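Since the structure comes first, as structure tokens, the remarks are kept for the end.
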Amino acid sequence: MSMPDAMPLPGVGEELKQAKEIEDAEKYSFMATVTKAPKKQIQFADDMQEFTKFPTKTGRRSLSRSISQSSTDSYSSAASYTDSSDDEVSPREKQQTNSKGSSNFCVKNIKQAEFGRREIEIAEQDMSALISLRKRAQGEKPLAGAKIVGCTHITAQTAVLIETLCALGAQCRWSACNIYSTQNEVAAALAEAGVAVFAWKGESEDDFWWCIDRCVNMDGWQANMILDDGGDLTHWVYKKYPNVFKKIRGIVEESVTGVHRLYQLSKAGKLCVPAMNVNDSVTKQKFDNLYCCRESILDGLKRTTDVMFGGKQVVVCGYGEVGKGCCAALKALGAIVYITEIDPICALQACMDGFRVVKLNEVIRQVDVVITCTEPQSTVLSSFQTSLRTPELTWERVRSQVDHVIWPDGKRVVLLAEGRLLNLSCSTVPTFVLSITATTQALALIELYNAPEGRYKQDVYLLPKKMDEYVASLHLPSFDAHLTELTDDQAKYLGLNKNGPFKPNYYRY
């Protein structure tokens, strides 16, 4: 399955530098990023060209980092009771046991488990579809015998997924895909419940890889399924434990970066197991990107800046699903919104929705807010961080996730989340959205684990359309929605099965 070409994007940081020429020294700009792919570069010693390159229209170029961007992206830590700075002792140096006497975990503080359990219980209230799936399938135990090693954001919502997988018969070992994302009390609750979890908020780079290795490398236990967010876990098993990798029955990947890396492995003939791309499922694309960002963008911006957006001039870089959601929310509050785009189709959509499509340098001197919503985030972010991390610029921390970047003449911008994920670092994501993603992941794991031999070859597959529709149907009762059923004559006329799928794979929703 071919992947779209990656295209270089404008250097946002260079344009911000030009903003210092604004005559009004009191003018502030806010810089935020809302994407599904993260940011800070971590170097890995091995040469990983098959993981760090993908085709472009001018040949092939390297991504700006050797592991998935999600490992360093800020995530939903707003609800966490603790901060990584509250205890300087590394969890790796602590001896902790849960109430059952087990020490098969490494978290910040096991004593926070009770608080984490309350967070998980709150999340369950708005994840009714996943809970419904748990109740329907736990009697059959469709994941009995599955040994799942996972690397995702560890939040209350993810904990509901992990405990669902355990209820369906799986054994799970888990680490965090993001060094900032872990809710420490939730990790403690999972450890108290018997899940082998290795994660805490504020991990170092060495900690990050150590946690992944502790999940994979355990005597008497060998993973046969992988659930990944960003591709770092898959990368580690592929490079460090090739014999384990060859025995994996299936990989489920939910991120843009991780999916790119799987396609690269497949193209190079090095993917020896079937993999499921849930990132491009309809339910995830629409709900995790469009509808989620339509709500979370304003939450993140207002929590960090206390700004009224009526009349503010905002430029949004990118008009994909994320950009569409952000623009709809900003426009509803009366903001004047400009769009930058490289894709003529997305640009035309922006025009038809009433937005002006411009080049960044045409408006950078006049706008109040700059928001990047670009998927090939590495190009923009690398340029952005390089441009602002220079000796002549001063960084001043205002509060968590909010910095002033000050020029020598006193002019400044307010930078949110260090240019990383705004909606997941400065606020939270609606639990209902994560229920959709988690349900999709669970069904993909069940499908790959139980698929008869020969159904899936050593390649990357999209989530079956029927499964996508099933995920949506599980969430309809939350709205008291009632589907219309086709009659036999209608189904015959349309050439459809009465129970679906109702759209061909090429249909664009």
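Bear in mind the structure is a predicted one, so any value in this text is a computation, not a measurement. Atom set for the values below is all heavy atoms of this structure, side chains included, hydrogens, waters and symmetry mates excluded.
In this structure a side-chain-to-backbone donor-acceptor pair under 3.5 Å is missing from Asp228 to Ile251.
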Would you please test Cys151 and Leu227 for side chain to side chain contact (heavy atoms under 4.5 Å, CB included) and show each step? CA-CA 6 Å; Cys151 184; Leu227 177 56; over 6 Å; no
Pair Gln285-Thr283, side chain to side chain donor-acceptor pair (under 3.5 Å): steps then yes or no: CA-CA 6 Å; Gln285 280 288 314; Thr283 44; over 6 Å; no
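Geometric assessment of Lys286 against the ring of Tyr291 yields a negative cation-pi assignment under the 6.0 Å and 45° thresholds. Annotation: cation-pi geometry satisfied between Arg249 and Tyr449 (NZ/CZ under 6.0 angstrom from ring centroid, within 45° of ring axis).
Taking the six-membered ring for Trp and the full ring otherwise, Tyr456 and Tyr461 have centroids separated by under 6.0 Å. Aromatic ring centroids of His475 and Phe432 lie under 6.0 Å apart.
Side chains of Leu301 and Val307 form no contact here, defined as non-hydrogen atoms less than 4.5 Å apart. For the pair Asn505 and Leu462, the minimum side-chain heavy-atom distance is 4.5 Å or more. In this structure the side chain of Phe355 never reaches within 4.5 angstrom of the side chain of Val357, judged on heavy atoms. Side-chain atoms of Met225 and Leu445, non-hydrogen and from C-beta on, do get closer than 4.5 Å to each other. With a 4.5 Å cut-off on side-chain heavy atoms, Cys292 and Phe287 do not count as touching. You'll find the side chain of Thr431 stays beyond 4.5 Å of the side chain of Val433, heavy atoms only. Between Lys147 and Gln222 the shortest side-chain heavy-atom distance does not fall below 4.5 Å. Put simply, the side chain of Thr440 does not reach to within 4.5 Å of the side chain of Glu254, judged on heavy atoms.
With respect to Lys492 and Asp488, no salt bridge is recorded, no charged nitrogen being found less than 4.0 Å from a carboxylate O. Between Asp232 and Arg261, at least one side-chain N (NZ, or NE/NH1/NH2) sits under 4.0 Å from a carboxylate O, which counts as a salt bridge. The existence of a salt bridge linking Arg117 and Glu124 is excluded, since no basic side-chain nitrogen approaches an acidic carboxylate oxygen closer than 4.0 Å.
Neither side chain, Gln183 nor Thr155, offers a donor N or O lying under 3.5 Å from an acceptor on the other. Between the side chains of Ser478 and Ser128, at least one donor N or O lies within less than 3.5 Å of an accepting N or O. For the residue pair Tyr319 / Asp343, no side-chain donor-acceptor distance below 3.5 Å is found, with atom types taken as modelled. Remark: the Asp459 side chain and the Tyr263 side chain contain no N/O donor-acceptor pair separated by less than 3.5 Å. Residues Lys324 and Gln349 have side chains that bring a donor and an acceptor to within less than 3.5 angstrom of each other. Side chains of Gln441 and Thr439: no donor on one and acceptor on the other come within 3.5 Å.
A 6.0 Å sphere centred on NZ of Lys246 holds no more than 12 heavy atoms belonging to other residues, nucleotides or ligands. Within 6.0 Å of atom NZ in Lys503, more than 12 heavy atoms from other residues, nucleotides or ligands are found, so the atom counts as buried in its surroundings. Residue-environment remark: OH (Tyr493) stays at or below the threshold of 12 foreign heavy atoms within 6.0 Å.
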Side-chain donor-acceptor contacts of residues 479-486 below 3.5 Å, not counting sequence neighbours, with atom names and distances?
unit_1	atom_1	unit_2	atom_2	d
Asp480	OD1	His482	NE2	3.2
His482	NE2	Asp480	O	3.3

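Annotation: the span from Lys239 atom NZ to Thr234 atom OG1 amounts to 14.0 Å, rounded to 0.5 Å.
Annotation: salt bridge (Lys or Arg N to Asp or Glu O under 4.0 Å) contacts involving residues 150-160, sequence neighbours excluded, are absent.
Partners of Phe245 according to the ring-ring contact (aromatic ring centres under 6.0 Å, His included) rule, which considers only residues two or more places apart in sequence or in another chain, are Tyr238.
Taking all atoms of both residues into account, the shortest heavy-atom contact from Val237 to Val216 is CG2-CG2, 3.8 Å.
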